[in-house]
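A short write-up of the structure that comes next.
Computation of the quantities below employed the complete heavy-atom set of this structure, encompassing side-chain atoms and omitting hydrogens, waters and symmetry-equivalent molecules.
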Amino acid sequence: MRLTEFDDLFAMAVRRVEPVTPTHARLHLTGGTGLSATVRDLTARETECCSFFDFTVTPETAGEGETVVLDVEVPAQYANVLDALTLRASAVAAGQTP
């Protein structure tokens, strides 16, 4: 179920996916009011399931709606999981089927 929620978020809000290091990625999101709360809720639930994820949600100033930077960090042994997540986010944001 969360996979569908992440895909919906990626499709609607992800504007850029920035791999920082093999264990750290940064997603730039833009959306309507409530985006920050949605991202916080979804990442909190994901952390309950997969505690190796470390999500940092940083709201930024936007003209209308909300802009959020989502930093995702994982331990080295989960770098492949982060890579799959960033590839999926990029594909879904571009309108492609992952």
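Residue pairs meeting the salt bridge (charged side-chain N to carboxylate O under 4.0 Å, His left out) criterion with at least one partner in residues 46-60, sequence neighbours excluded, are Arg2-Glu46.
Hydrophobic clustering keeps Val20 apart from Leu82 (ILVMFWY residues linked when any side-chain heavy atoms are closer than 4.5 Å, directly or through intermediates). Transitive grouping of hydrophobic side chains (ILVMFWY, heavy atoms separated by less than 4.5 Å) keeps Leu27 and Val69 in distinct clusters. Cluster membership check: Phe53 shares its hydrophobic cluster with Tyr78, using side-chain heavy-atom separations under 4.5 Å among Ile, Leu, Val, Met, Phe, Trp and Tyr. Linking ILVMFWY side-chain heavy atoms closer than 4.5 Å, directly or via other members, places Val39 and Phe6 in a single hydrophobic cluster. Criterion: ILVMFWY side-chain heavy atoms under 4.5 Å apart, direct or through other members. Under it, Leu29 and Met12 are not part of a common hydrophobic cluster.
One finds the CZ atom of Arg26 at 5.0 Å from the CD atom of Glu18 (value rounded to the nearest 0.5 Å). With values rounded to the nearest 0.5 angstrom, His24 atom NE2 is found 4.5 Å from Glu73 atom CD.
Considering all non-hydrogen atoms of both residues, Ala89 and Phe10 come closest at CA-CD1, 3.5 Å. Here the closest non-hydrogen pair linking Pro22 and Ala79 is O-CB, 3.5 Å. Residues Gly34 and Glu66 come closest through the heavy atom pair N-OE2, 2.8 Å.
Among the candidates Asp71, Thr43, Leu70, the single residue satisfying the side chain to side chain contact (heavy atoms under 4.5 Å, CB included) test with Thr56 is Asp71. With Leu85 as the partner, the side chain to side chain contact (heavy atoms under 4.5 Å, CB included) test is satisfied by one option alone out of Asn80, Val74, Val72: Val72.
Put simply, the side chain of Arg88 reaches to within 4.5 Å of the side chain of Val92, judged on heavy atoms. The shortest distance between side-chain heavy atoms of Val14 and Leu9 does not fall below 4.5 Å. Using a 4.5 Å cut-off on side-chain heavy atoms (C-beta onward), Ser90 and Val17 make contact.
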Next item on the list: Decide side-chain contact (heavy atoms from CB on, under 4.5 Å) for Phe52 and Val81; before the verdict, give the C-alpha distance in whole Å, the side-chain angles of both, and the deciding distance to 0.1 Å.
Entry: CA-CA 10 Å; Phe52 59 86; Val81 176; 3.9 Å; yes
Next item on the list: Under the side-chain contact (heavy atoms from CB on, under 4.5 Å) rule, what do Glu5 and Thr38 come out as? Steps first, then yes or no, please.
Entry: CA-CA 10 Å; Glu5 290 180 76; Thr38 298; over 6 Å; no
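In this view, Asp41 and Arg45 satisfy the salt bridge (charged side-chain N to carboxylate O under 4.0 Å, His left out) rule, not counting sequence neighbours.
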